[in-house]
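Okay, so here's the structure we're looking at.
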Amino acid sequence: MPTSLELQVKTLPNSPGVYQYFDKEDVIIYVGKAKNLKKRVSSYFTKNHEYGKTRVLVKKIVRIEHIVVNTETDALLLENNLIKKYKPRYNVLLKDDKSYPWICIKKERFPRVFLTRRVIKDGSEYYGPYTSVKTVQNLLDLIKQLYPLRTCNYDLSEPKINSGKYKVCLEYHLKNCKGPCEAYQDENSYMDNIKKIRNIIKGNFKESLESLHKIMMEYAESMNFEEAQLIKEKLVSLQNYQAKSTIVNPSINNVDVFSIISDETHGYANFFKIMNGSIIQSYTTEIKKKLEETDKELLELFIVETRQRFNSLSREIYVPFDVDLGENLKVTVPKLGDKKRIVELSQRNAKYYRQEQFKQIKIVDPDRHVRRIMAQMKKDLRLSQEPVHIECFDNSNIQGTNPVAACVVFKDGKPSKKDYRHFNIKTVEGPDDFASMEEVVFRRYKRLLQEDKPLPQLIVIDGGKGQLSSALKSLDVLGLRGKIAIIGIAKRLEEIYYPGDNIPLYLDKKSETLKIIQYLRNEAHRFGITFHRNKRSKSAIQSELEMIPDVGKQTITNLLRKFKSAKRVKNATLDELIEVVGNARAQKIYKYFHSKE
């Protein structure tokens, strides 16, 4: 059986994120980032490492934790935060406390906009961080070209401007500034530009794009193509730049974030601790339901227990829905923006944890995995009992020729291929899918009843309301209606139809229940098509040999047993044919194929 560490590595997601290695003392010894968590972490345990330090690190790993993020950039930023927080022994490169660049809109009259690596809590606005200084510089160059701003650090208070204390500088004469220091630009006009700049930095740059395009066209019309090309390059740079990261936002400070998702038996809850705008802690766990607790009840329990465990003193929490935690704690349910994205990121981590648990259970405890799947299918399909035994039917024919049908059987959510059956349609003439379905369903369950074999808990019909109605007729004749649940699945939108109900059921496209039904339907189609092709091919081969006068079925069988195909019979020599069917028949067969020659 795989060890706990091997299981963790096997079930990691193929998503960007940050991984943390713990030693036997439960101390973080390494923090790393990855574009693909599963590939990156697996590489530690499958490669022969050249460096001795890496080999020692791998030997000391006892436990792995990870946090899933949206992009590789987010992973880089989060890795930086965690390394600065925990200073793991085997992390060297980021211990220099290097800070990433931000764009600051300074809190002052006629605000400056500039690049900084220091976030000072003085009421100024900070946007970022950015992983590339070049991106910030391109953005600031573009802003400067679109909206002239001051770069001086003068105190531009109204009394000082009115007293004539300042004189315009070279930036004014170069048209990079409109001279607010001598009141050549009023505050309202300046702040209107700041509002547009704020939108550009946030990524809402429709108005600025229009203005930029206008400038570019003016340059082009005046035959100033070099300047137009520069503007075009700035435009492309603006469209491609990544506005900011969800991982770090200075406006979110000293907050706990909680979320939960659940199934029939368990809840999966995630916790983020955010300090000074950075995620510094992540914890995800599984909560077993004792009765039929709601997500609200489970999340309230998780919040209280987790805050005690980690000794959290945060006075505000973000959650996906409202919870009751007393009057001393501010509960926020974000609706949009960065706060909403942080909660969504927490939910994603809970979802990935749930998927990993399922994968581990499937390896370690397959029976529990089956029970969970069966319980989920029973709930999703509104069945009276768990569909341990499912059978699915599909028809195959081409313009009515060689009509056949297939029945595939799933037990415990998996194919039971020894129980698959195919049917030659006997009573139906021409391409009539409805009548064919009625025939095969009748034949299948009449035989099961006669042989006293167990009936399925669920029948799936590949088709819409028409095929479902035909199958129901057979169940009525056999007295099985109401004793076996039956549904139809239509291919176009994957609608699930029930007897007597015109309104179909639409399952979540990502649900395991729909995936199993689709697997059933596809397997029935594959099995039926294979049988149909074989029958059609065999029919085509035999029909050519049957055209030969005085050649019967036994002779054809002997020929095919020896030569395998009609083409090889045609290409055989007279002596080879005589050896198989004798001189008289061989002469007729050889003459039939070679008379035209």
Grab the two heavy atoms, one from [X] and one from [Y], that are nearest each other, plus how far apart they are.
X	Y	value
Y190	R150	OH-N, 3.4 Å
I161	P180	CD1-O, 3.5 Å
E187	F110	CA-CE2, 3.5 Å
V62	D23	CG2-C, 3.7 Å
A350	T284	CA-CG2, 4.2 Å
Y353	E286	CE2-N, 3.8 Å

Between I120 and Y126, does a side-chain contact (heavy atoms from CB on, under 4.5 Å) hold up when you go through it step by step? CA-CA 9 Å; I120 303 170; Y126 291 88; 3.6 Å; yes

So does [Y] get a backbone contact from the side chain of [X], meaning a donor-acceptor N/O pair under 3.5 Å?
X	Y	answer
N349	L345	yes
R89	I29	no
S124	K107	yes
Y166	D155	yes

So, using salt bridge (charged side-chain N to carboxylate O under 4.0 Å, His left out) as the criterion, who are the partners of [X] when residues are at least two apart?
X	answer
D322	none
D256	K273, R307
K330	E316
E182	none

Counting only heavy atoms not in [X], do more than 12 fall under 6.0 Å of its [atom1]?
X	atom1	answer
L174	CG	yes
Y154	OH	no
K106	NZ	yes
K38	NZ	yes

Taking the basic N atoms (NZ, or NE/NH1/NH2) and the acidic carboxylate oxygens, is any pair closer than 4.0 Å for D192 and K195? no

Answer with yes or no whether the side chains of Y352 and S15 bring together a donor and an acceptor at under 3.5 Å. yes

Set out, in order, the CA-CA distance, both residues' side-chain angles and the distance that settles side-chain contact (heavy atoms from CB on, under 4.5 Å) for Y44 and V9, then state yes or no. CA-CA 10 Å; Y44 281 90; V9 174; over 6 Å; no

First locate atom [atom1] of [X], then atom [atom2] of [Y], and finally report the distance between them rounded to the nearest 0.5 Å.
X	Y	atom1	atom2	answer
S511	M377	OG	CE	9.0 Å
M216	L230	CE	CG	12.0 Å
K515	L507	NZ	CG	11.5 Å
L139	I103	CG	CD1	4.5 Å
S314	L329	OG	CG	8.5 Å

What I'd like to find out is whether the side chain of [X] reaches to under 4.5 Å of the side chain of [Y], using heavy atoms alone.
X	Y	answer
E305	I287	no
L12	Y19	no
Y147	V113	no
I260	Y268	no
I194	L149	yes
E344	Q347	yes
K87	I28	no
C181	V168	yes

With a 3.5 Å cut-off and sequence neighbours excluded, list the donor-acceptor pairs that the side chains of residues 219-228 form with protein atoms.
| residue | atom | partner | partner atom | Å |
| --- | --- | --- | --- | --- |
| S222 | OG | E218 | O | 3.1 |
| S222 | OG | Y219 | O | 3.0 |

Quick one, N270 with S346, criterion side-chain hydrogen bond (donor to acceptor under 3.5 Å, both in side chains). Give me CA distance, side-chain angles, the key distance, then yes/no. CA-CA 6 Å; N270 172 265; S346 174; 2.6 Å; yes

Step by step, would you call L140 with F114 a side-chain contact (heavy atoms from CB on, under 4.5 Å)? CA-CA 7 Å; L140 290 175; F114 55 89; 5.5 Å; no

Quick one: list whatever passes side-chain hydrogen bond (donor to acceptor under 3.5 Å, both in side chains) with D380, sequence neighbours left out. Q376, T513

Checking R40, Q20, E356, Q8 against H66 for side chain to side chain donor-acceptor pair (under 3.5 Å), the one that qualifies is E356

Go through the steps to decide whether V343 and V257 satisfy the test side-chain contact (heavy atoms from CB on, under 4.5 Å), and finish with yes or no. CA-CA 7 Å; V343 173; V257 182; 4.2 Å; yes

Can you label the angle between the F302 ring and the F258 ring as parallel, tilted or perpendicular, going by 30° and 60°? perpendicular

Verdict with supporting geometry, E300 and K296, salt bridge (charged side-chain N to carboxylate O under 4.0 Å, His left out): CA-CA 6 Å; E300 288 169 353; K296 182 174 183 289; 2.9 Å; yes

